[in-house]
Amino acid sequence: MAYLQARRDFLKIATTGVATTVVIPGSLGALGEVALKSEDKFIRSICEMCSSRCPMEARVVNGKTVLLQGNPFAKEMGTSLCAKGVAGASQLYDTQRLVKPLIRLGKRGENKWREASWEEALSLVAGRLSALRERYGARSVIFSAKTGEQYDLLRSFASAFGSPNVFSHWSSCPIAIESAFEHTFGEKLHRDFENANYILNFGHNLFEGLDIPLTKAMAHFSANPSKKLVVLDPRFSVIASKANEWHPINPGSDLAFVLALLHVWIRDAKYDKKFVEQYTIGFEALAQSVKETTPQWQQTLTGIDAKVVERIAEEIYAASPKCIIDWGHKATTTKAEYQRSRAILIANILMGNVEREGGIYFAKTAERINAFAKEMIVPVLNDPYPRPLVNEKRLDGAGEEGSANRFVSKRHGSLTAIPEAILAQTPYEIKGWFLTRHNPLVTVAHPQKMKEAMEQLEFIVVNDIYLSDTAMMADVVLPEATYLERDEGISKIAFKTPCYAMRNRIVEPLHQNRSAIEIVRELAERMGFGSHFVWRTVAELRAFQAKGDSVLLETLLRRGVASFDVPELFARESVFVERFCERHPKCNSLLDSNGLLSSMLTQLKTPSGKIEIFCKTVEKAFKGYGVPSAVDMDVKQGYPYVLTSGKSAVHTNGHTQNIPYLNMLMSDNPIWMNPLTAKEHGLKQGDTFYLKNGISKEKGTVFITEGIRPDTLFAYMGFGRDAPMMKRTHGKGMNPSKLLSLQSATLCGAMITNVGVEILKA
Amino acid sequence: MPKQYRLLYDENLCIGCQACSVACRVENSVPDNFFRLQVHVQTKGVFPNLGMSYERLSCMMCENPPCVSVCPTHASFQSKDGLVHIDEKTCITCKYCILACPYHARFVNPLKNVVEKCTFCYDTRVSKELLPACVSTCPTEALSFGDMRQKGSLVEQKSQKEVLVFPKAHLGTKPKVAFIPSRKGVKV
Ligand code: SF4
Ligand code: SF4
Ligand code: SF4
């Protein structure tokens, strides 16, 4: 009831009954009354309920009601925001969130704590980390954070500390597509959904894994009767329901389908030959590699009729270049993920849709735009997070010649390598871990092993909002301020035009919460390398980043975003190039003989400077991987079913399940199962059963639905929490990560999230 | 001249994401586990011939509101603009209106012990020329709202162009909420 009342007027926390119903130490519920001071009527900021970082605004009326919505100054947003974003206040005032530092009592993971002052907590952290560095070397401490500014900050801190072992959440999410891009284009490209006429989608469910600008563009695309959307997904997802065609493909067999597409185009010589000739290398190797991957061949692998492949190949070719073969967002699903992602990128290339309207394009960053304009039309920022080079091998061998992870980014690492390194103390001793807003015991494969490894560590510090499964393993828990209470630096957004955004706090931090920036700055000071950061406060950080540009800073404070009057530019669209050159005439000297800007595609950050269909270094280290080919395609590993997982529109990874408003909408994750499968195993709606494989045996509840293939099971991620202090989620649902192995996808180091299982009766 | 409000719900654009529902909760302090607005999504058909239905459940702002005619205290009333409101001070929680409403739009707010429902956010937003919270927030612009007398407004234009469905039209309640049915139904 206490929190029911808190909801009534969520700018106040009701005190009556709080002490009896909420006894979590260090939590908001254990405190007295909290009155808030809102600072303005409109405050524009950046959301943090997922990694999309949507610009948003808070409307504060009479210092009372706060409605979060999209920031209309960001034109692709308008006032739109998703359920998670809108529920921000529900997290802010959640009586179960942490507001005081906690220090472990009892054994690690035993969940016994005492509250501490920041002074005590930070001096303990600084002392213990320094001691570990003294005793075992800086490399003995791991640093991990979710992607975004927090990660840049922690990475900077780690390199000043001297440890190479920095991890982001990449390897549990987008690493496959990120490395495919790096090897193909030297950088990541974006999709022009708004202007495309045909989209082929491989399970990229933008309607459940929301990213507002993309979701909105995709919604208008799919609702437009003159456009065509084809979705391949073993599950009847929301986006599948909006498609013109849905093909329930065998889970994990996308690669076979794409290889067959490539085969058809090359066989019939129906692809953009001029484009391939002028801008790419390695086409011959591709032609060789897909010789046998016929539509007939893929039929047994994907379950999709050969005729369908032929027809789709024909249709896309007809729609090119205003067509997109969508690579998705999260691509860590099978062992062959790198190949699947590469094949999709190369299919786009063959359609010649690069730097074309309605196709795919390079991010128009400030640097790129200024280079083409040959003048400073967009201000360029300073980097407030320096990273001196650390000359040490990483524990996961990322980037190391000869290692299985040699192509894994040194910046992001492979999380699944951590448990083994700790347990075997190879390649060297690992003794500490600093996690900021990172919850690997829910979001990374085989948390059982991870927990075992964490038990061996001498010191763990976790910075989080809740006392999560991972935070429970800590020695010190630092209660972070939520995004609504934090000021942060300037972040860059670059799609068709460059843009900057800034997180401005909407309310004063509740009680004692501090932001990661404040925490890390303070620790650096205490550990004797405060001078590593030239700024002391967030205000200084921002000023340094903006190079003192007060107009930019003021715009960001007032509007939350700063955009610039830059014409959209597609390097291979004459209309766009002309318009750009008219405005910025110095660009004329960069035009090629066709009046286009082909240098954008010929001076890439790849070894050849061109788009690489074939990668020599990759082929040398991983045979069969230099060019898309049919490798590593077994998903079931001998088991009868494949368990897949994914996002819902109301939750993010392991982050939001305990937030009252969102928990009210979804508090559990019953496992999707086709009625035929359920019948075979004698399961009725709501029955409990076991999923079993070589890794674990986990209990689930069945959700019988027609919307899934009979050989596939599906679970929304982020449930099955062990942490008793997250009272709304504790013990609800199943954590699918517990069935995943630590084996990672070939070459890219991605965690594999499609896994073979069998069904056992409970 | 009284306004002719209309709220349009386009099933083709709706993705069932519940952002509208949360926005409504925040804007109107809707008590936990009660809803003024929900969007229900349901899979229809037999694998692999499937479709999804999207349905908005909220007060329809009937022009002929059965909830008003049964109310013994006139706590439920219709404004000049034809919107149906509840006067919290006069409501005696007899629940007749809850029974009379064919759209299951009303509930008793346990914190205030009065009947409550969607108000089109009239007090806090619409009367101040702001869009209802749900409309403002929707990520896909599936909702549009406005005065039908304003020619050329989005809601007027869409109403002209699309086939509109008024839920339970046969009851003669004449809702102010209209649906644009999905063009992608079950393929059988
Ligand atoms: S916010 Fe919009 S898209 Fe989401 S459920 Fe509501 S109406 Fe549908
Ligand atoms: S939908 Fe129900 S509550 Fe709303 S006006 Fe009609 S009868 Fe009354
Ligand atoms: S108009 Fe306002 S009260 Fe009605 S459903 Fe939308 S947000 Fe809720």
Side-chain angles (χ1 to χ4, degrees), chain A residues 3-5 7-10 59 61 65-70 78-90 206-208 210 212 215-216 218-220 222-225 236 238-244 246-248 649-650 660-662 664-666 674-676 705-710, chain B residues 10-35 38-39 41-54 109-112 121 124-125 128 130-131 133-143 180 182-187:
Chain A
Y3 101 82
L4 254 177
Q5 283 166 351
R7 296 280 72 69
R8 181 180 198 168
D9 172 359
F10 59 73
R59 189 182 294 279
V61 181
T65 312
V66 177
L67 177 67
L68 303 177
Q69 55 176 24
T79 52
S80 298
L81 206 62
C82 79
K84 295 169 282 184
V86 183
S90 177
L206 274 171
F207 296 161
E208 288 176 88
L210 275 67
I212 305 290
T215 297
K216 191 181 286 202
M218 181 57 91
H220 287 281
S222 63
N224 185 337
F236 191 63
V238 176
I239 199 166
S241 82
K242 303 287 184 184
N244 300 76
W246 166 59
H247 300 282
V650 299
Y661 286 5
L662 301 174
M664 244 178 266
L665 292 166
M666 185 189 279
N674 186 284
L676 296 175
T705 168
E706 294 284 346
I708 193 156
R709 287 174 60 96
Chain B
D10 190 341
E11 286 176 37
N12 294 287
L13 284 167
C14 179
I15 57 173
C17 72
Q18 312 301 335
C20 52
S21 175
V22 177
C24 177
R25 177 176 305 287
V26 175
E27 178 72 29
N28 301 301
S29 305
V30 178
D32 289 4
N33 299 311
F34 288 88
F35 298 86
Q38 260 187 319
V39 171
V41 182
Q42 229 183 329
T43 302
K44 301 254 161 96
V46 176
F47 182 91
N49 295 311
L50 301 170
M52 260 184 213
S53 68
Y54 296 82
N109 178 331
L111 299 174
K112 296 179 179 168
C121 294
T124 56
R125 301 183 61 97
K128 297 174 178 145
L130 294 168
L131 290 170
C134 54
V135 178
S136 188
T137 307
C138 175
T140 61
E141 291 148 0
L143 301 169
I180 301 172
S182 174
R183 289 180 287 267
K184 285 165 185 156
V186 188
K187 282 153 225 135

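Letters A, B, ... are given to chains in the order of the sequence lines, protein chains preceding strands, and every chain is numbered from 1.
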Handout entry: Segment of B:Thr137 engaging chain A (4.5 angstrom heavy-atom cut-off)
Key = both
Exercise for the section: Give the minimum heavy-atom separation between A:Leu67 and B:Ala133, together with the two atoms involved. Expected result: CD2-CB, 3.9 Å
Exercise for the section: Measure the shortest side-chain to side-chain distance between A:Lys242 and B:Tyr54 over non-hydrogen atoms and say whether it is less than 4.5 angstrom. Expected result: yes
Exercise for the section: Answer with side chain, backbone, both or neither: which region of B:Gln38 has an atom nearer than 4.5 Å to a non-hydrogen atom of chain A? Expected result: neither
Problem - Part of A:His220 lying under 4.5 Å from any heavy atom of chain B - result: both
Handout entry: chain A contact via B:Cys17 - side chain, backbone, both or neither, heavy atoms under 4.5 Å
Key = both
Exercise for the section: Just give me the residue among B:Val41, B:Asn12, B:Leu13 that pairs up with chain A most often, heavy atom to heavy atom, under 4.5 Å. Expected result: B:Leu13
Problem - Value rounded to 0.5 Å, distance of CG in B:Asn49 from CD in A:Glu706 - result: 10.0 Å
Exercise for the section: Below 4.5 Å from any heavy atom of chain B, which atoms of A:Leu676 appear? Answer side chain, backbone, both or neither. Expected result: neither
Exercise for the section: Using a cut-off of under 4.5 Å on heavy-atom pairs, state which of A:Lys84, A:Lys216, A:His247 scores highest against chain B. Expected result: A:Lys216
Practice task
Answer whether the closest heavy-atom distance between the side chains of A:Met664 and B:Arg25 falls below 4.5 Å.
Solution key: yes
Problem - B:Lys184 side-chain N/O to A:Ala223 backbone N/O, donor-acceptor pair under 3.5 Å - result: no
Practice task
State, yes or no, whether a side-chain contact exists between A:Pro710 and B:Phe47 at a heavy-atom distance under 4.5 Å.
Solution key: yes
Handout entry: Point-to-point distance, once rounded to the nearest 0.5 Å, from CG of A:Asn224 to CZ of B:Arg183
Key = 8.0 Å
Problem - Short side-chain to backbone donor-acceptor contact, A:Ser241 and B:Gly51, under 3.5 Å - result: no
Problem - Donor-acceptor contact present, side-chain B:Ser136 to main-chain A:Thr79, <3.5 Å - result: no
Fill in the blank from the handout: So OG1 of B:Thr43 and CZ of A:Phe236: to nearest 0.5 Å the spacing works out to 6.5 Å
Practice task
Output the distance between atom CD1 (A:Ile212) and atom SG (B:Cys138), rounded to the nearest 0.5 Å.
Solution key: 9.0 Å
Problem - Residue pair A:Leu210 / B:Ile15, side-chain heavy-atom distance below 4.5 Å - result: yes
Problem - Verdict with supporting geometry, B:Val22 and A:Leu665, side chain to side chain contact (heavy atoms under 4.5 Å, CB included) - result: CA-CA 9 Å; B:Val22 177; A:Leu665 292 166; 3.5 Å; yes
Handout entry: chain A contact via B:Ile180 - side chain, backbone, both or neither, heavy atoms under 4.5 Å
Key = neither
Practice task
Name the option with the most non-hydrogen atom pairs under 4.5 Å to chain B; the candidates are A:Ile708, A:Leu206, A:Ile239.
Solution key: A:Ile708
Exercise for the section: Identify the heavy atoms of B:Pro139 and A:Cys82 that sit nearest to each other, and give their distance. Expected result: CG-CA, 4.2 Å
